[in-house]
Amino acid sequence: MATSGQNPSKESEAEMPPGYQLNPDPARNLAMTVAHLAARGWRVESQSAHMATLVKSRTPRHVLHALLTAMSCGLWLPVWLIVTLTARERRVTLVVDQLGSVHQI
């Protein structure tokens, strides 16, 4: 029984995609989580039955920056260069345990 008044199952539901139900098949749970993230713009770099690595690129909107640079007579160019040079990929690794829970490492 939780002493803080919060339902632990509600906390774990917040991490799961909508309509997601815990399934005793760990590989299926991982596949569902990967599909949910792929629908949100993540790219699957590698996947096995119990682990998946996903990547999301952060590319600048070059057309917008070009327009801002032209409209500001070149004053926006340093901002555009900084944004372009600092754009990085975000990488996450997901693992599924024997109970079917998916965790990010």
Side-chain angles (χ1 to χ4, degrees):
M1 186 171 203
T3 58
S4 64
Q6 294 179 351
N7 187 351
S9 64
K10 290 290 183 187
E11 292 175 6
S12 62
E13 287 176 9
E15 298 172 8
M16 293 185 213
Y20 182 88
Q21 295 178 351
L22 196 58
N23 189 311
D25 180 16
R28 184 166 185 259
N29 290 343
L30 180 64
M32 288 177 65
T33 304
V34 168
H36 175 75
L37 291 173
R40 294 185 175 264
W42 289 82
R43 178 176 48 90
V44 180
E45 187 175 65
S46 67
Q47 184 174 1
S48 68
H50 300 288
M51 186 172 73
T53 302
L54 293 98
V55 178
K56 188 169 190 177
S57 298
R58 293 186 196 170
T59 57
R61 297 180 178 169
H62 292 292
V63 174
L64 174 65
H65 287 286
L67 289 173
L68 291 172
T69 301
M71 290 172 53
S72 67
C73 297
L75 293 175
W76 191 258
L77 185 60
V79 175
W80 186 7
L81 290 173
I82 291 170
V83 168
T84 302
L85 294 175
T86 60
R88 294 187 178 173
E89 290 183 335
R90 229 177 117 197
R91 186 178 312 271
V92 295
T93 301
L94 302 174
V95 294
V96 63
D97 61 17
Q98 294 175 345
L99 300 175
S101 297
V102 178
H103 304 280
Q104 179 181 340
I105 58 168

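Annotation: the span from Leu81 atom CG to Thr86 atom OG1 amounts to 10.5 Å, rounded to 0.5 Å. For the atom pair OG1 (Thr69) and CH2 (Trp76), the distance works out to 8.0 Å, reported to the nearest 0.5 Å. From Ser57, atom OG reaches atom CZ of Arg90 across 12.0 Å, with rounding to the nearest 0.5 Å. Remark: Trp80 CH2 to His62 NE2 distance equals 7.0 Å, nearest 0.5 Å. Interatomic distance, His103 NE2 to Thr33 OG1, rounded to the nearest 0.5 Å: 10.5 Å. Atoms CE and CG, from Met32 and Asp25 in turn, are 10.5 Å apart once rounded to the nearest 0.5 Å.
With hydrophobic clusters built from ILVMFWY side chains whose heavy atoms lie under 4.5 angstrom apart, Leu77 shares a cluster with Leu64. No path of Ile, Leu, Val, Met, Phe, Trp and Tyr side chains, each step under 4.5 Å between heavy atoms, connects Val95 with Val44, placing them in separate hydrophobic clusters. Follow the hydrophobic side-chain contacts under 4.5 Å out from Val96 and you reach Leu37 in the same cluster.
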**Request:** Evaluate the criterion side-chain contact (heavy atoms from CB on, under 4.5 Å) for residue pair Leu54 and Glu45; output intermediate values, then yes/no.
**Result:** CA-CA 5 Å; Leu54 293 98; Glu45 187 175 65; over 6 Å; no
**Message:** side-chain contact (heavy atoms from CB on, under 4.5 Å), that's the test. Do Trp42 and Val92 meet it? Break it down for me.
**Reply:** CA-CA 10 Å; Trp42 289 82; Val92 295; 3.8 Å; yes
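Side-chain contact, Arg61 with His65: no donor N or O sits under 3.5 Å from an acceptor N or O.
Side chain of Asn29 to main chain of Gly100: a donor-acceptor pair is present (N/O by atom type, distance under 3.5 Å, no hydrogens or angles).
In this structure, His50 and Gln98 have side chains that are not in contact, with every pair of non-hydrogen atoms separated by 4.5 Å or more.
For the side-chain contact (heavy atoms from CB on, under 4.5 Å) with Leu94, the lone residue among Thr53, Ile105, Leu30 that qualifies is Leu30.
Residues Asp97 and Pro26 approach most closely at O-CB, 3.6 Å, considering heavy atoms.
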